[in-house]
Amino acid sequence: MWQSIRRVPLTHPFVFGTLFTGFKNAGCDVLVQKAVEGNEHINYRRTLVFGTFGMLFSGAWQYGLFVKIMPKLCPGAEAFAAKPIREKLKDIPGLKSLAFQNFVENGLNNPVLYFPIFYTLKEFVEGGPLLDGIKKYKMNFKEDLIAIWSVWIPAQFFNFAFSPMWLRVPFVACVSAFWTGYVSMTRGKKMNLPLGEEDKVELEVLENNNN
């Protein structure tokens with residue numbers, strides 16, 4: 001039985017990676033809610049956001065990106081990952097490919113897709129306007145970008161340099177257990193946008209009418 005279980009990541013990498021990241025993300029959020037924030041009751045909508053995002057983005061999309069798209073963009077990536085460190089350091093095309101893969105991940109995937117999709121999905125589950133998700137991303141852009149780069153630039157250099165293809169998504173999932181905890185603590189709670197001028201006028205009118 002144990003031998004069969006061990007073969008699952010190799011024989012069914014897409015299913016394994018997708019389910020693993022979904023349950024992992026949801027579990028990290030529950031842990032933050034109970035152990036860090038000390039909430040008596042779990043906010044299941046919030047957990048649904050993290051679980052769904054984990055399955056769709058961190059699991060399904062990143063499997064496609066790391067295992068299907070990256071090898072086509074960088075045909076020697078798998079062979080480079082299998083080389084000893086000394087040979088890696090001598091492989092100039094391989095090192096360029098390593099830098100390119102990290103650029104795709106941290107120059108395009110994370111800033112352009114990760115947070116916009118997260119915030120939009122969060123608004124959808126919470127029942128808010130989807131456009132507010134993009135507004136919240138713009139509001140937190142600088143802080144989010146610094147945080148995600150500080151974790152994922154070094155992590156993905158290691159991942160792309162040493163992980164075989166089947167291990168790339170599970171590796172990301174393990175590192176992102178800590179990252180997801182951070183996102184849950186800083187972005188998990190419902191966020192309100194700053195009031196615009198029109199909103200302030202309407203609020204002022206309502207307060208005057210109540211008085």
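This structure is a prediction, so every number in the text was calculated from the model and none was measured.
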So, do Tyr137 and Phe141 have ring centers that fall under 6.0 Å from each other? yes

With no hydrogens and no angle check, do the side chains of Gln62 and Thr21 hold a donor and an acceptor under 3.5 Å apart? no

Can you name the salt bridge (Lys or Arg N to Asp or Glu O under 4.0 Å) partners of Glu87, sequence neighbours left out? none

Leu145 versus Phe115: any side-chain heavy-atom pair under 4.5 Å? no

Would the number of heavy atoms belonging to other residues, nucleotides or ligands and lying under 6.0 Å from CD of Glu78 be above 12? no

Any donor-acceptor pair under 3.5 Å from Lys136 side chain to Thr120 backbone: no

Any donor-acceptor pair under 3.5 Å linking the side-chain atoms of Asn159 with those of Gln156? yes

Would you call Glu143 and Arg187 a salt bridge, using N to O less than 4.0 angstrom? yes

Could you name each residue pair satisfying ring-ring contact (aromatic ring centres under 6.0 Å, His included) that touches residues 63-112, not counting sequence neighbours? Phe14-Tyr63, Phe66-Phe160

Which residue is it: Trp152, Tyr119, Phe53? I am looking for the one with a ring-ring contact (aromatic ring centres under 6.0 Å, His included) to Tyr114. Phe53

Among Phe57, Tyr44, Trp179, Phe118, find the one that has a ring-ring contact (aromatic ring centres under 6.0 Å, His included) with Phe50. Phe118

Keeping Asn39 on the side-chain end and His41 on the backbone end, is there a donor-acceptor pair under 3.5 Å? no

